[in-house]
Participant: 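Can you read through this structure? Questions will come right after.
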Amino acid sequence: MTAASIDAGAVADEPVDRSLALRGLRKEYVRGTPVLRDVSLTFAGRGLTAIIGPSGTGKSTLIRCVNRLVEPTAGQILFLGQDLARLRGAALRAARRRIGMVFQEYNLVERLSAIENVLCGRLGYVAPWRAWLRRFPREDVDGAFDLLEAVGLADRATQRADALSGGQRQRIGIARALMQQPDLLLADEPTSSLDPKTSVEIMELMVELAGKRDIPVIVNIHNVELAKRFAQRIVGMTGGDVVFDGAPGDLREEHLKQIYGGEAWL
Ligand SMILES: Nc1ncnc2c1ncn2[C@@H]1O[C@H](COP(=O)(O)OP(=O)(O)OP(=O)(O)O)[C@@H](O)[C@H]1O
Ligand SMILES: [Mg+2]
């Protein structure tokens, strides 16, 4: 069985509702100074949503609240029948396993090989002693190879992460996230450290692999052109508020002025 074909949470003839609903999501790092101002958004259970907005506007905070890397101050995060904002301990760990995350700076373990980094996506699933001894079940190793192949890096399996290029690292980052068999994929500026061509390839890969798994993807991205090219929906944020929410074709210059402020840069 390949990683892509395993779907522990799903019954074959009963599709999973993977929609995500944020209700009044608020974050204050400093009391009384909201960085997210009661954001309410519903994300469909499939397709890619791009979140755009100027630096410091709360995009990373928003997606980090979803997987609880950041503690929300108030509001609900409804996903797979649970309020993620309320989860603690084992329930939180279980929910986190189902949320894949792709980072701008890849967050790989440098001294581990490509395949071991991909297998890190299974850490939430296997017994700690197996992970400690790096003895992953055969089907996990097979699944990791399948994913390496899917991201075009089968021939780099044993190469250390620190010997890979940025684009290759991000491919590993995507493979690792998918190795979790996630029900949701979050990506925080996955292409910001990459050249334009590699950026397109990475976006294509995320769309393709998430499409195969039929899961929703939420991507924070600074490149508006890439957002328009790959997203079904664009959410524009400014100062912790959503100021645009619509199809890429509806995003006009006036919206960009509102999102980013001013027009000299346009
Ligand atoms: N751990 C933290 N403690 C205090 N303030 C924080 C913390 N993390 C972020 N902030 C502040 O919250 C605001 C939003 O930050 P966030 O990283 O979510 O913005 P962003 O939209 O992702 O920006 P960028 O486009 O630069 O990545 C910023 O003013 C930032 O300084
Ligand atoms: Mg950010």
Side-chain angles (χ1 to χ4, degrees), residues 2-4 48-52 55 59-60 63-64 66-67 69-70 96-126 131-132 134 136 140-182 184-213 215-223 225-227 229-231:
T2 67
L48 190 145
T49 303
I51 303 183
I52 62 171
S55 197
K59 305 180 300 295
S60 296
I63 66 168
R64 284 168 169 263
V66 173
N67 63 9
L69 289 174
V70 163
R96 267 199 191 128
R97 283 203 293 262
R98 314 309 301 251
I99 303 177
M101 179 88 168
V102 176
F103 300 88
Q104 178 181 355
E105 296 299 340
Y106 328 118
N107 286 19
L108 302 184
V109 183
E110 301 292 341
R111 62 186 174 76
L112 293 186
S113 65
I115 187 91
E116 286 169 323
N117 270 284
V118 177
L119 280 163
C120 285
R122 295 301 294 166
L123 287 182
Y125 290 96
V126 301
W132 178 251
R134 297 196 208 154
F136 287 88
D140 283 354
V141 177
D142 290 347
F145 269 109
D146 287 348
L147 277 166
L148 272 183
E149 197 152 38
V151 300
L153 287 177
D155 58 337
R156 302 297 176 116
T158 58
Q159 197 156 334
R160 270 173 57 136
D162 55 12
L164 297 171
S165 73
Q168 290 168 337
R169 283 157 172 254
Q170 197 56 297
R171 286 166 189 270
I172 302 289
I174 291 169
R176 176 184 58 190
L178 289 162
M179 194 67 204
Q180 287 175 242
Q181 296 156 26
L184 169 66
L185 185 62
L186 305 174
D188 198 356
E189 294 181 26
T191 63
S192 296
S193 306
L194 305 173
D195 68 64
K197 177 164 172 275
T198 308
S199 297
V200 167
E201 289 165 0
I202 288 295
M203 290 300 290
E204 281 171 346
L205 207 48
M206 283 205 302
V207 167
E208 180 200 330
L209 296 178
K212 270 190 192 147
R213 246 194 100 69
I215 57 173
V217 186
I218 304 174
V219 185
N220 286 345
I221 190 158
H222 276 297
N223 185 318
E225 289 312 312
L226 274 187
R229 178 163 165 186
F230 288 101

Participant: Between Leu184 and Val66, is there a side-chain heavy-atom distance shorter than 4.5 Å?
Facilitator: yes
Participant: Has Gln170 got a side-chain atom pairing as donor or acceptor with Ile174's backbone, closer than 3.5 angstrom?
Facilitator: no
Participant: With side-chain contact (heavy atoms from CB on, under 4.5 Å) as the test, would you mind laying out the steps for Ile51 and Ile218 before giving the verdict?
Facilitator: CA-CA 7 Å; Ile51 303 183; Ile218 304 174; 3.6 Å; yes
Participant: Are Arg213 and Leu178 side-chain neighbours, meaning at least one heavy-atom pair lies under 4.5 Å?
Facilitator: yes
Participant: Which heavy atom in Ile172 sits nearest to a heavy atom in Ala114, and how many Å separate them?
Facilitator: CD1-CB, 3.5 Å
Participant: Do the side chain of Asp140 and the main chain of Phe136 share a donor and acceptor less than 3.5 angstrom apart?
Facilitator: no
Participant: Within a 6.0 Å radius of atom CD on Glu149, are there more than 12 heavy atoms belonging to other residues, nucleotides or ligands?
Facilitator: no
Participant: Search all heavy atoms of Ile63 against all heavy atoms of Leu186 and return the closest pair with its distance.
Facilitator: O-CD1, 3.5 Å
Participant: Is there a donor-acceptor pair under 3.5 Å between the side chain of Asn220 and the backbone N or O of Lys59?
Facilitator: yes
Participant: How close do Gly167 and Ile202 get, heavy atom to heavy atom, and via which atoms?
Facilitator: O-CD1, 3.8 Å
Participant: How far does CD1 of Ile99 sit from CD1 of Ile215, to the nearest 0.5 angstrom?
Facilitator: 10.5 Å
Participant: Could you grab the distance from atom CG of Asn67 to atom CG of Asp188, nearest 0.5 Å is fine?
Facilitator: 9.5 Å
Participant: Would you say Arg171's side chain and Val151's backbone share a donor-acceptor pair under 3.5 angstrom?
Facilitator: yes
Participant: Check whether Gln181 reaches the backbone of Arg98 with its side chain - one donor and one acceptor, N or O, closer than 3.5 Å.
Facilitator: no
Participant: How long is the span from the CG atom in Leu119 to the CG atom in Leu147, to the nearest 0.5 Å?
Facilitator: 9.5 Å
Participant: Is a donor from one side chain sitting under 3.5 angstrom from an acceptor on the other, for Glu105 and Ser193?
Facilitator: yes
Participant: Please step through side-chain contact (heavy atoms from CB on, under 4.5 Å) for the pair Arg229 and Val200, ending with a clear verdict.
Facilitator: CA-CA 9 Å; Arg229 178 163 165 186; Val200 167; 3.4 Å; yes
Participant: Going by an N to O cut-off under 4.0 Å, is there a salt bridge joining Arg169 and Glu110?
Facilitator: yes
Participant: In Å, rounded to the nearest 0.5 Å, how long is the span from CG of Asp162 to CG of Leu108?
Facilitator: 10.0 Å
Participant: Could you go through the side-chain contact (heavy atoms from CB on, under 4.5 Å) check for Leu226 and Met203 one step at a time?
Facilitator: CA-CA 8 Å; Leu226 274 187; Met203 290 300 290; 4.2 Å; yes
Participant: Does any non-hydrogen side-chain atom of Met206 lie less than 4.5 Å from one of Phe230?
Facilitator: no
Participant: Looking only at heavy atoms, which two atoms of Leu69 and Met101 are closest? And how far apart?
Facilitator: CD1-CE, 4.4 Å
Participant: Show, in sequence, the C-alpha distance, side-chain angles and deciding distance for Leu148 and Arg156, and conclude whether the side-chain contact (heavy atoms from CB on, under 4.5 Å) test is met.
Facilitator: CA-CA 8 Å; Leu148 272 183; Arg156 302 297 176 116; over 6 Å; no
Participant: I want to check something: taking the side chain as every heavy atom from C-beta on, are Ile52 and His222 in contact at a cut-off of under 4.5 Å?
Facilitator: no
Participant: Whether the side chain of Arg176 engages the backbone of Asn107 through a donor-acceptor N/O pair (distance < 3.5 Å, no angle test) should be reported.
Facilitator: yes
Participant: Counting N and O atoms only, with roles assigned by atom type, does the side chain of Thr198 sit under 3.5 Å from a partner on the main chain of Leu194, one being a donor and the other an acceptor?
Facilitator: no
Participant: Would you name the heavy atoms of Ala150 and Leu205 that are closest together and state the gap between them?
Facilitator: O-CD1, 3.8 Å
Participant: Please find the pair of heavy atoms, one from Pro190 and one from Val219, that lie closest to each other, and give the distance.
Facilitator: CD-CG1, 3.6 Å
Participant: Does any N or O in the side chain of Gln180 come within less than 3.5 Å of the main-chain N or O of Leu123, such that one atom is a donor and the other an acceptor?
Facilitator: no
Participant: Would you say that Ser199 contacts Asn223 through its side chain, given a criterion of any heavy-atom pair below 4.5 Å between the two side chains?
Facilitator: no
Participant: Could you check whether any side-chain heavy atom of Cys120 comes within less than 4.5 Å of a side-chain heavy atom of Leu112, counting everything from C-beta outward?
Facilitator: yes
Participant: Would you call Glu201 and Lys197 a salt bridge, using N to O less than 4.0 angstrom?
Facilitator: yes
